[in-house]
Enquirer: 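Submitted below is the structure of interest, expressed as structure tokens.
Just so you know, these numbers come straight off a predicted model, no measurement behind them.
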Amino acid sequence: MRDYISLSLETHLFFARIMKEHSLFLEAGFPCQEKGYIEEAERFRRKFEELLKDVLPLAEGNIHKDVIHSHELVTEFTVPAEKKTMALSGIPIDSKLSETTLSLRCDQIQNENRHLYQPVLKINERALRLVRELICFKERVLRKVNGGQLFTANYPLLIEHIIREAGLYCDITEQLLTNRSITYQNFYETEEFWNQIMMEHALFFRGLLDPTEAALIQAADGFSADYARLLEAACRQDCRAKAMTETVLKETVKFRDFKAAGTKGILDCQISSIILPLLADHVLREAYHYIRILKTGRTR
């Protein structure tokens, strides 16, 4: 019961925020004449914001310390990145949610939390419906973009990327709803998933940096090549071992540091790019999330 509640809340604290930001990036990327797509993306952004707002009070005292301390929920850059992105895009962002997340207590998980079972169950059901709808919207956008019927400032690969992340959220939530004993996904499948995500982050950074940022472009190229090699090595059964995970962890810590420096540089206007500050912080948080998975051996 306790694991069901804490794992559910931790899942939504991380992924509901990721989904609302995906919606924001889609909203910001549509040209002004695509009012229907802009409004639909805005609706999803608001719905996931509302979901996160409802999860936060339930999470107080009911999530694991390692999640709070991991920086995967919020970083030191999240609130400044939200405020800067709101100023640049004109899209409203409720930074009070981030401030509340920063203040979550990491005391011992409460033992007597049976009263939370029904509220958390309803949150899970609501999140599953919402993320399924969002996946359908993203897939429709991707079809239109690939068919030359819709322009967006987002790469088609980025849209595929955020569809896969939403698919992971959907799978985890489905498991929470159908398997009360909470069995973890295959760790190596999770590792492969996040290695692919990290590789694509490096590709996106490379493509969104100004051409004058030669050193950063070269560094991003290096990270994408490193993760491509890790993905290739993971296909060989003999490499699916603890030593492989340790190699991935070292690489991801280095990439996390690169992302953190990049986020700070973008916020301080020291890096020339077309990267929204919140996008930089978004991918940084995903690196922190992956590092926790690698360190703990837990897939969520």
Side-chain angles (χ1 to χ4, degrees), residues 1-24 44-79 81-82 93-131 134 165-166 168-182 184-185 190 278 281-282 284-293 295-296 298-300:
M1 176 71 75
R2 186 175 67 187
D3 278 352
Y4 172 74
I5 289 168
S6 60
L7 288 174
S8 296
L9 296 171
E10 289 162 7
T11 294
H12 302 310
L13 285 173
F14 177 73
F15 278 106
R17 178 177 292 273
I18 294 297
M19 294 303 115
K20 83 180 182 74
E21 290 170 355
H22 285 176
S23 303
L24 184 148
F44 282 113
R45 175 178 55 78
R46 291 187 183 279
K47 288 290 185 182
F48 279 105
E49 201 166 68
E50 290 165 6
L51 179 66
L52 186 58
K53 186 175 182 179
D54 291 341
V55 168
L56 279 165
L58 302 175
E60 184 68 25
N62 288 300
I63 61 175
H64 293 93
K65 287 183 180 182
D66 61 346
V67 173
I68 291 181
H69 292 156
S70 68
H71 305 295
E72 68 192 77
L73 304 180
V74 282
T75 74
E76 62 183 296
F77 305 115
T78 303
V79 172
E82 287 177 335
I93 302 171
D94 185 0
S95 287
K96 288 182 181 178
L97 297 176
S98 299
E99 291 164 357
T100 302
T101 305
L102 278 167
S103 68
L104 282 174
R105 287 183 298 113
C106 52
D107 298 336
Q108 196 78 13
I109 291 179
Q110 297 170 11
N111 290 320
E112 297 300 324
N113 59 7
R114 288 183 173 274
H115 66 286
L116 293 178
Y117 178 80
Q118 282 300 325
V120 169
L121 176 64
K122 290 184 182 300
I123 288 283
N124 285 339
E125 291 171 341
R126 176 178 159 196
L128 184 58
R129 288 193 300 270
L130 193 54
V131 73
L134 180 59
E165 290 185 353
L168 177 62
Y169 185 21
C170 186
D171 289 345
I172 292 171
T173 307
E174 284 177 343
Q175 188 181 19
L176 287 163
L177 283 165
T178 58
N179 186 356
R180 302 303 182 220
S181 64
I182 312 300
Y184 293 105
Q185 294 168 272
T190 301
L278 190 55
D281 184 68
H282 175 100
L284 173 60
R285 274 179 271 120
E286 290 185 349
Y288 275 121
H289 177 73
Y290 187 26
I291 287 168
R292 178 176 64 83
I293 288 172
K295 284 182 174 179
T296 63
R298 293 168 53 204
T299 57
R300 349 190 168 97

Enquirer: How close do Glu60 and Leu104 get, counting heavy atoms only, and between which atoms?
Expert: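 Looking at all heavy atoms of both residues, the closest pair is OE1-CD2, 3.3 Å.
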Enquirer: Out of curiosity, Glu50 CD to Asp94 CG, how far, rounded to the nearest 0.5 Å?
Expert: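 So the gap between those two atoms works out to 10.5 Å.
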Enquirer: Does Lys47 have more than 12 heavy atoms from other residues, nucleotides or ligands lying within 6.0 Å of its NZ?
Expert: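 Not buried by this count: 12 neighbours or fewer within 6.0 Å.
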Enquirer: Do Arg285 and Ile18 come close enough that some side-chain heavy atom pair is under 4.5 Å?
Expert: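 A side-chain contact under 4.5 Å exists here.
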Enquirer: Between Ser23 and Leu134, is any pair of side-chain heavy atoms under 4.5 Å apart?
Expert: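 Side chain of Ser23 against side chain of Leu134, heavy atoms only: contact under 4.5 Å found.
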Enquirer: Considering residues at least two apart in sequence or located in another chain, which fulfil the salt bridge (charged side-chain N to carboxylate O under 4.0 Å, His left out) criterion with Arg17?
Expert: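 Only Glu82 meet the salt bridge (charged side-chain N to carboxylate O under 4.0 Å, His left out) criterion with Arg17.
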Enquirer: Please determine whether side chain to side chain contact (heavy atoms under 4.5 Å, CB included) holds for the pair Val131 and Thr173, giving the CA-CA distance in whole Å, both sets of side-chain angles, and the decisive distance to 0.1 Å.
Expert: CA-CA 9 Å; Val131 73; Thr173 307; 5.5 Å; no
Enquirer: For residues Ser98 and Val79, report the shortest heavy-atom separation together with the two atoms involved.
Expert: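 Heavy-atom minimum between the residues: CB-CG2, 3.7 Å.
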Enquirer: Hey, does the side chain of Thr75 reach the backbone of His71 with a donor-acceptor pair shorter than 3.5 angstrom?
Expert: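 Answer holds: no.
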Enquirer: Going by heavy atoms in the side chains, are Leu177 and Tyr4 under 4.5 Å from each other?
Expert: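 Yes - at least one pair of side-chain heavy atoms lies under 4.5 Å apart.
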Enquirer: Going by the rule side-chain contact (heavy atoms from CB on, under 4.5 Å), which residues pair with Ala81 if we only count those two or more places apart in sequence or in a different chain?
Expert: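 side-chain contact (heavy atoms from CB on, under 4.5 Å) check on Ala81 returns Leu267, Pro277, Leu278, Asp281.
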Enquirer: Could I get the full list of side-chain contact (heavy atoms from CB on, under 4.5 Å) partners for Glu174, not counting sequence neighbours?
Expert: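 Once residues adjacent in sequence are excluded, the partners of Glu174 under the side-chain contact (heavy atoms from CB on, under 4.5 Å) criterion are Leu128, Arg132, Cys170, Asp171.
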Enquirer: For Ala287, enumerate each residue passing the side-chain contact (heavy atoms from CB on, under 4.5 Å) test, keeping only those at least two apart in sequence or located in another chain.
Expert: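 Scan of Ala287 (side-chain contact (heavy atoms from CB on, under 4.5 Å), adjacent residues dropped) gives Met198, Arg256, Lys259.
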Enquirer: Working to the nearest 0.5 angstrom, can you tell me the gap between Ile63 CD1 and Ile68 CD1?
Expert: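 Output value for this atom pair is 4.0 Å.
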Enquirer: What closest approach, in Å, do Phe14 and Glu72 show between heavy atoms, and which atom pair accounts for it?
Expert: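 Looks like CD1-O, 3.5 Å.
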Enquirer: Under the ring-ring contact (aromatic ring centres under 6.0 Å, His included) rule, collect the residues that match up with His282, sequence neighbours excluded.
Expert: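 For His282 the ring-ring contact (aromatic ring centres under 6.0 Å, His included) partners, ignoring immediate neighbours, are His22, Phe25.
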Enquirer: Which atoms form the tightest heavy-atom contact between Val55 and Ile123, and what is the distance?
Expert: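 Answer, listing the atom of Val55 first, then Ile123: CG2-CG2, 3.8 Å.
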Enquirer: Quick one: pull up CG in Leu24 and CD in Glu49 and give me the separation to the nearest 0.5 Å.
Expert: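 So the gap between those two atoms works out to 9.0 Å.
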Enquirer: Suppose we screen for salt bridge (charged side-chain N to carboxylate O under 4.0 Å, His left out). Which residues come up paired with Glu99, at least two apart in sequence or across chains?
Expert: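 Applying salt bridge (charged side-chain N to carboxylate O under 4.0 Å, His left out) to Glu99 gives none.
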Enquirer: Please name all residues satisfying salt bridge (charged side-chain N to carboxylate O under 4.0 Å, His left out) with Asp54, sequence neighbours left out, ordered by chain then number.
Expert: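 Salt bridge (charged side-chain N to carboxylate O under 4.0 Å, His left out) list for Asp54, sorted by chain: Arg126.
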Enquirer: If you define the side chain from C-beta out and look only at heavy atoms, does anything of Lys20 sit under 4.5 Å from Ile93?
Expert: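 Sidechains of Ile93 and Lys20: in contact.
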Enquirer: Quick one: list whatever passes salt bridge (charged side-chain N to carboxylate O under 4.0 Å, His left out) with Arg129, sequence neighbours left out.
Expert: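 For Arg129 there are no salt bridge (charged side-chain N to carboxylate O under 4.0 Å, His left out) partners, ignoring immediate neighbours.
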Enquirer: If the condition is ring-ring contact (aromatic ring centres under 6.0 Å, His included), which residues does Phe77 pass it with, not counting sequence neighbours?
Expert: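 Phe77 satisfies ring-ring contact (aromatic ring centres under 6.0 Å, His included) with no other residue.
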Enquirer: Evaluate the side-chain proximity of Ile172 to Gln175: yes if any heavy-atom separation is below 4.5 Å, no if none is.
Expert: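 No. Closest side-chain heavy atoms not under 4.5 Å.
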Enquirer: First locate atom CG of Asn124, then atom CD1 of Ile5, and finally report the distance between them rounded to the nearest 0.5 Å.
Expert: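 One finds 10.0 Å between CG of Asn124 and CD1 of Ile5.
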Enquirer: How far does NE2 of His64 sit from OG1 of Thr296, to the nearest 0.5 angstrom?
Expert: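 Result: 10.5 Å between the selected atoms.
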Enquirer: State, to 0.1 Å, how close Asp66 and Arg292 come at their nearest heavy-atom pair, and which atoms those are.
Expert: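 Nearest pair, atom of Asp66 first, then Arg292: O-CD, 3.6 Å.
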Enquirer: Have a look at Ser8 and tell me which of Leu121, Asn62, Val120 forms a side chain to side chain contact (heavy atoms under 4.5 Å, CB included) with it.
Expert: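 Answer to the side chain to side chain contact (heavy atoms under 4.5 Å, CB included) test with Ser8 among Leu121, Asn62, Val120: Val120.
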Enquirer: Mind checking what makes ring-ring contact (aromatic ring centres under 6.0 Å, His included) contact with Tyr169, not counting sequence neighbours?
Expert: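 For Tyr169, the residues satisfying ring-ring contact (aromatic ring centres under 6.0 Å, His included) (neighbours in sequence not counted) are His12, Phe15.
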Enquirer: To the closest 0.5 Å, what do you measure between CG (Leu73) and CG (Leu102)?
Expert: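 Leu73 atom CG to Leu102 atom CG measures 9.0 Å (nearest 0.5 Å).
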Enquirer: Just wondering, do Thr101 and Thr78 contact through their side chains at under 4.5 Å, heavy atoms?
Expert: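 With C-beta onward as the side chain, the pair stays apart.
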